[in-house]
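Below: the structure, in structure tokens.
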Amino acid sequence: MTPAVRRLAGLAADVPVAGWLVVVCAVVRTLAASVVALAAGRGVDAVLDGRDPALPLAVAASALVLAALIGAAEGVLPAVAQGSEERRWRAKVVRAQLGAPIDADESTGTSVARATEEVERFAHYRASFLGPLIGAVVVPVVVLVVIAVFVSAGVAFPLAVCVALIPPLVAWFMTRFRTGSGRFRMISGRLTAAFLETIRALGVVRLLGAEGQRRAALAAQAEALRSEAMRLLRRNQIVLLVTDAVFGVVMLSLVGVLAVAGVSRGALTAGTAFALLMLTVSLREPVDRLGRSFYVGLAGRAAGERVRAVAEDPVGGRGVREPGAPAALDGEDVRVERGGRMVVDGADLAIGEGLTVVVGPSGAGKSSLALALSGLVPASGIRLDGEPATPADLREVVSYVPQRSTLFTGSVRENLLLGGPGASDDELRDVLVAAGFPRGGAELPDGLSTSVGEGARGVSGGQAQRISIARALLTGRDVLVADEPTAQLDPASAAQVVETLRRVARRGRVVLITHRVAEAEDADRVTVVEAGRVTHSGPLDAVRRESGFLAAAFAASASDASEADGRDG
Ligand SMILES: Nc1ncnc2c1ncn2[C@@H]1O[C@H](COP(=O)(O)OP(=O)(O)OP(=O)(O)O)[C@@H](O)[C@H]1O
């Protein structure tokens with residue numbers, strides 16, 4: 001299949017049933033309009049010849065009513081299809097976004113825009129653009145056949161050449177406009193993200209007294225969006241003008257010349273020449289429609305690519321692993337790109353049984369590696385049971401606990417059930433015991449029914465982190481990756497969380513990313529990440545001897561501890 005054929009096949013696959021109905025309606029309506037033109041021509045001839053034009057005019061009037069009725073149906077079909085297309089694609093996107101985090105680097109603004117305006121544009125494109133687009137190709141062919149059969153093949157041929165120039169012309173304009181709408185999208189996405197950020201951090205903005213600055217920044221971005229929209233509209237108008245000029249001036253002039261020549265040679269009657277002019281007008285109509293909605297086509301196609309990338313991302317991975325056989329997770333020459341820069345660049349690592357503690361300087365790439373291992377940002381080089389693993393494969397075997405615990409408004413029970421739908425209260429209590437609540441959650445004010453608010457209000461930071469670990473354990477996945485779970489906790493809570501992870505690691509595999517090197521005591525292996533690579537990995541004592549970073553970090557940690565002791569003493 002050539003790329004052009006593949007593109008056409010892809011286009012046809014995108015047309016919903018209503019779109020094909022629109023095409024059928026357009027063809028039938030064109031045939032009815034052709035009957036109107038030809039019968040009107042006969043009427044003109046009848047009048048000029050002094051015959052009764054009643055019959056041809058009655059035929060023309062009936063065909064006109066039919067064409068009008070079909071035209072009305074053509075107007076309603078896309079509107080009906082738009083609603084169902086929108087519901088269908090929005091459900092797919094939301095399911096994919098909830099089912100598996102696509103990419104931790106994607107901004108909230110982008111995710112929201114995709115589930116709202118991009119779905120809307122894509123639905124509009126499928127429901128209202130593709131049918132008329134196919135109509136724009138099919139209808140002129142029907143008109144040309146009518147002209148060849150009922151008017152003159154000699155006239156149909158030069159018109160066919162003229163019509164054949166339309167698709168390349170429109171395609172040329174479309175490719176020119178692609179970059180323009182890409183910029184619009186980017187500016188629009190940034191504005192959405194900036195609005196969301198400001199709303200979320202309104203308290204901080206007020207405390208800083210920075211309302212004016214934020215307002216000015218948002219106004220500047222809104223102005224950039226407005227002027228980009230105007231630029232796009234201007235370009236759109238140019239396209240309309242050019243297509244109008246080609247069809248209005250060139251085509252009608254050509255037909256006018258052909259009609260006059262035909263009549264003066266006696267090859268055409270005046271009525272047939274009149275019919276030819278009317279038919280030429282309906283030859284223009286689909287291109288007019290296309291011209292009016294071509295921006296819908298451009299924006300919709302681009303939105304469709306992004307909607308599809310999410311909606312059709314396989315939420316599930318391989319799904320073929322034997323239950324009970326723990327996944328072997330390792331990486332060779334692991335690379336992770338973020339923001340256009342390679343932030344993990346050639347890391348080799350093995351995640352064995354027990355506790356693997358990952359340490360390294362700030363900005364070395366530890367969090368990026370943790371996200372990649374969890375299937376939350378794309379990476380190359382990660383293997384599962386010796387085979388290259390996709391993010392979807394990894395999400396089936398790895399659970400992830402981030403630095404800030406994510407608990408949703410609701411009860412502890414509801415939050416836990418997100419990790420193990422259908423788990424009984426006894427199972428929830430067991431998992432809470434494993435996560436450092438020896439009384440299975442009875443130590444919380446209301447047990448499993450304790451309410452937590454947005455973020456984790458209602459329980460302490462350490463408790464929230466241990467509830468998050470319990471929820472991760474409920475997923476039953478083989479590897480638990482925790483990225484600095486103690487960074488925001490006081491020493492006592494941090495110690496409880498680390499103790500919990502050590503306990504969990506006794507029965508499985510835990511990867512703990514941390515700044516506190518003391519948490520590496522008792523680890524089964526310590527991995528040092530520096531400048532995007534694993535520089536040392538092995539038992540703590542060996543790595544401590546070999547890694548300058550780790551030796552220095554332990555020395556700093558010991559002097560911090562003795563200073564603290566000195567103060568306490
Ligand atoms: N979302 C992002 N987009 C672009 N670059 C990013 C993103 N997140 C992190 N980076 C860059 O990737 C590099 C590694 O960051 P990462 O957070 O993985 O390091 P880290 O070792 O975990 O650092 P820290 O210990 O300070 O948390 C940094 O240079 C950072 O600027």
Side-chain angles (χ1 to χ4, degrees), residues 97 100-114 186 189-190 192-194 196-197 200-201 309-310 329 331 333-349 351 356-382 391 394 398 400-406 461 465 468 479-489 494 497-498 501 510-520 523 525-537 543 547-554 556-557 560:
Q97 284 177 337
I102 303 308
D103 184 339
D105 280 350
E106 184 169 290
S107 77
T108 319
T110 309
S111 309
V112 171
R114 182 168 304 124
M186 188 187 73
R190 279 195 195 146
T192 315
L196 280 172
E197 264 175 26
R200 271 207 304 238
V310 171
L329 183 64
D333 195 19
V334 175
R335 285 165 203 271
V336 181
E337 193 183 312
R338 299 180 84 184
R341 205 161 56 82
M342 211 52 95
V343 295
V344 174
D345 195 1
D348 296 335
L349 78 161
I351 307 299
T356 304
V357 170
V358 179
V359 292
S362 183
K366 304 181 297 292
S367 294
S368 303
L369 200 55
L371 288 167
L373 283 174
S374 316
L376 298 176
V377 296
S380 65
I382 299 179
L394 291 168
V398 181
Y400 174 76
V401 175
Q403 192 179 105
R404 288 166 64 117
S405 51
T406 314
Q465 224 24 321
S468 299
V479 183
L480 186 134
V481 173
D483 187 4
E484 305 212 24
T486 61
Q488 302 191 346
L489 303 181
V497 168
V498 171
L501 291 172
V510 174
V511 180
L512 167 64
I513 319 273
T514 184
H515 267 119
R516 304 180 183 191
V517 281
E519 291 174 2
R525 80 200 52 71
V526 177
T527 296
V528 182
V529 176
E530 289 170 279
R533 286 165 180 266
V534 172
T535 50
H536 299 89
S537 188
V543 174
S547 161
F549 167 81
L550 196 60
F554 263 108
S557 155
D560 282 354

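Counting convention: from 1, in listed order, for ligands and their atoms alike.
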Item checked: Option nearest atom 6 (C) of ligand 1 (shortest heavy-atom distance, choices His515, Glu337, Arg338) -> Arg338
Notebook entry, point to check: When Val529 is tested against each of Ile513, Thr535, Val358 for side chain to side chain contact (heavy atoms under 4.5 Å, CB included), which residue passes?
Noted result: Val358
Check: Below 4.5 Å, heavy atoms only, C-beta onward: do Val334 and Leu373 meet side chain to side chain?
Finding: no
Notebook entry, point to check: Can any side-chain N or O of Asp348 pair as donor or acceptor with the backbone N or O of Asp333 at less than 3.5 Å?
Noted result: yes
Check: So do Glu519 and Leu512 actually touch side chain to side chain, heavy atoms under 4.5 Å?
Finding: yes
Checklist line | Sole residue of His515, Arg516, Lys366, Arg404 in side-chain hydrogen bond (donor to acceptor under 3.5 Å, both in side chains) with Glu484 | finding: His515
Check: Numbering the atoms of ligand 1 from 1, which are under 4.0 Å from a heavy atom of Glu484?
Finding: 25 (O), 27 (O)
Item checked: Gly532 near ligand 1 by a heavy-atom separation under 4.0 Å -> no
Item checked: Atoms in ligand 1 flagged as close to Pro361, the criterion being non-hydrogen separation under 4.0 Å -> 21 (O)
Item checked: Sub-4.0 Å atoms of ligand 1 with respect to non-hydrogen atoms of Ser368 -> 14 (C), 15 (O), 16 (P), 18 (O)
Check: Quick one: are Leu329 and Leu394 in side-chain contact, heavy atoms under 4.5 Å?
Finding: yes
Item checked: Which of the ligand 1 atoms, numbered from 1, are nearer than 4.0 Å to a heavy atom of Ser367 -> 17 (O), 18 (O), 20 (P), 22 (O), 27 (O)
Margin query: Suppose I only count heavy atoms of Val343 and a 4.0 Å limit; which atoms of ligand 1 are within that range?
Written below: 11 (C), 12 (O), 13 (C)
Next item on the list: Report yes or no: does a heavy atom of Gly360 sit under 4.0 Å from some atom of ligand 1?
Entry: no
